[in-house]
Participant: 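Just dropping this structure here.
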Amino acid sequence: MVAKDTDFYTDGVRSGNRRILAKTITLIESAHPAHRQLGRTVVDRLLPDTGKAVRLGITGVPGVGKSTFIESFGMMLVEKGHQVAVLAVDPSSTRSGGSVMADKTRMEKLSVAPGAFIRPSPSGGTLGGVARMTRETLLVCEAAGFDVVIVETVGVGQSETTVASMVDFFLVLMLAGAGDELQGIKKGVLELADGVAINKADGDNIEKAEMARRSYEMALHLLNPATPNWSPPVLTCSALTLAGVDQLWETVQDHRRRLSASGELDQKRSSQALAWMWSRIEDGLKERFFSNPAIKARLRHIEASVRRGELSATIGAETLLFLLDNPG
Ligand code: GDP
């Protein structure tokens with residue numbers, strides 16, 4: 001029965017059926033354990049069909065122009081004949097409100113383009129939960145034939161690091177203006193960047209954008225590049241006039257060519273997969289810990305004893321971990 005279900009989803013996704021693709025993502029995002037398990041099995045079976053897309057992460061503060069940029073960039077790619085999927089990691093989003101990212105209403109043309117598929121951020125609560133769903137969705141989209149997968153995120157907490165760890169190229173959108181420059185450097189987001197683009201380089205803003213471009217370029221020079229084969233470039237673009245948008249795609253492709261030639265792209269992906277496994281192990285252990293009935297029964301009491309100094313932190317931890325292996 002489950003085997004038949006699995007085939008239904010895997011065959012549907014492989015044939016590029018959008019309805020079945022959406023259903024598969026719903027399984028991945030489901031709170032129902034059996035559905036989630038089925039989703040995992042489907043992802044696992046589809047694994048041989050994954051890996052062929054350009055995985056592109058995009059971040060920037062709210063208002064920088066992410067959705068406008070993705071709309072323009074995505075339309076350009078679709079017009080070049082690419083199949084583009086847009087996903088989002090936004091742990092603050094809920095379906096009923098909040099800042100739902102990669103929203104269809106924010107990308108009017110792309111959302112109805114036959115070559116594009118847009119999926120808003122799952123309302124998973126924790127970053128770990130949202131990241132799991134997005135990463136699995138990315139794989140499923142690849143299996144469905146999308147050759148460019150864009151993962152959008154806003155700079156909340158660790159979400160930028162999380163997205164950078166699931167993509168090949170991480171693009172940071174910035175605005176001209178002293179405040180942003182410092183902000184970017186402080187948050188360490190530039191260290192994650194494979195490329196930086198100063199958006200809204202249009203009209204009266206062109207000169208300021210060029211100035212910002214130069215100061216970011218200097219800031220990036222001070223950072224050691226992650227690889228001798230790639231120094232993250234700083235460009236300017238306008239999501240409205242499309243100036244520079246084509247060059248950004250050229251940059252992504254250039255990065256890909258160089259890192260493929262040196263073998264670094266494969267290395268990057270395998271270390272990402274390994275890091276992903278470890279983060280799943282950590283999540284799984286935590287889940288098991290907190291759902292263990294014996295631990296649940298004693299957790300509060302032990303916490304209180306440690307807080308009052310009646311029990312050492314080490315003994316408290318050991319007692320709880322002992323319960324994980326010896327529930328009786
Ligand atoms: P997001 O919050 O990062 O997704 O930003 P949006 O895409 O919603 O854009 C925020 C505002 O900036 C909107 O009013 C856009 O029309 C405007 N905007 C976005 N890109 C550009 C651009 O390249 N040039 C100009 N002048 N405005 C832009």
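These figures come from a predicted structure and were not determined experimentally. Atom set for the values below is all heavy atoms of this structure, side chains included, hydrogens, waters and symmetry mates excluded. Counting convention: from 1, in listed order, for ligands and their atoms alike.
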Participant: Using a 3.5 Å distance criterion without hydrogens, assess whether the side chain of D147 forms a donor-acceptor pair with backbone atoms of K52.
Facilitator: no
Participant: Using distance only, find each side-chain donor-acceptor pair of residues 226-235 under 3.5 Å and give its atom names and separation, not counting sequence neighbours.
Facilitator:
| residue | atom | partner | partner atom | Å |
| --- | --- | --- | --- | --- |
| T227 | OG1 | N229 | N | 2.9 |
| T227 | OG1 | E264 | OE1 | 3.4 |
| T227 | OG1 | E264 | OE2 | 2.6 |
| N229 | ND2 | E264 | OE1 | 2.7 |
| W230 | NE1 | D194 | O | 2.8 |

Participant: Can a donor-acceptor pair be found between the side chains of T153 and S159 at a distance below 3.5 Å?
Facilitator: yes
Participant: Using the test side-chain contact (heavy atoms from CB on, under 4.5 Å), find all partners of A131 that sit at least two apart in sequence or belong to another chain.
Facilitator: T162, M166, W276
Participant: Using a 4.0 angstrom limit on heavy atoms, which residues are close to ligand 1?
Facilitator: V61, P62, G63, V64, G65, K66, S67, T68, R106, N199, K200, D202, S238, A239, L240
Participant: Is there a donor-acceptor pair closer than 3.5 Å between any side-chain N or O of N205 and the backbone N or O of A201?
Facilitator: no
Participant: Could you list the residues that satisfy side-chain contact (heavy atoms from CB on, under 4.5 Å) with V252, not counting sequence neighbours?
Facilitator: V54, L56, F169, W249
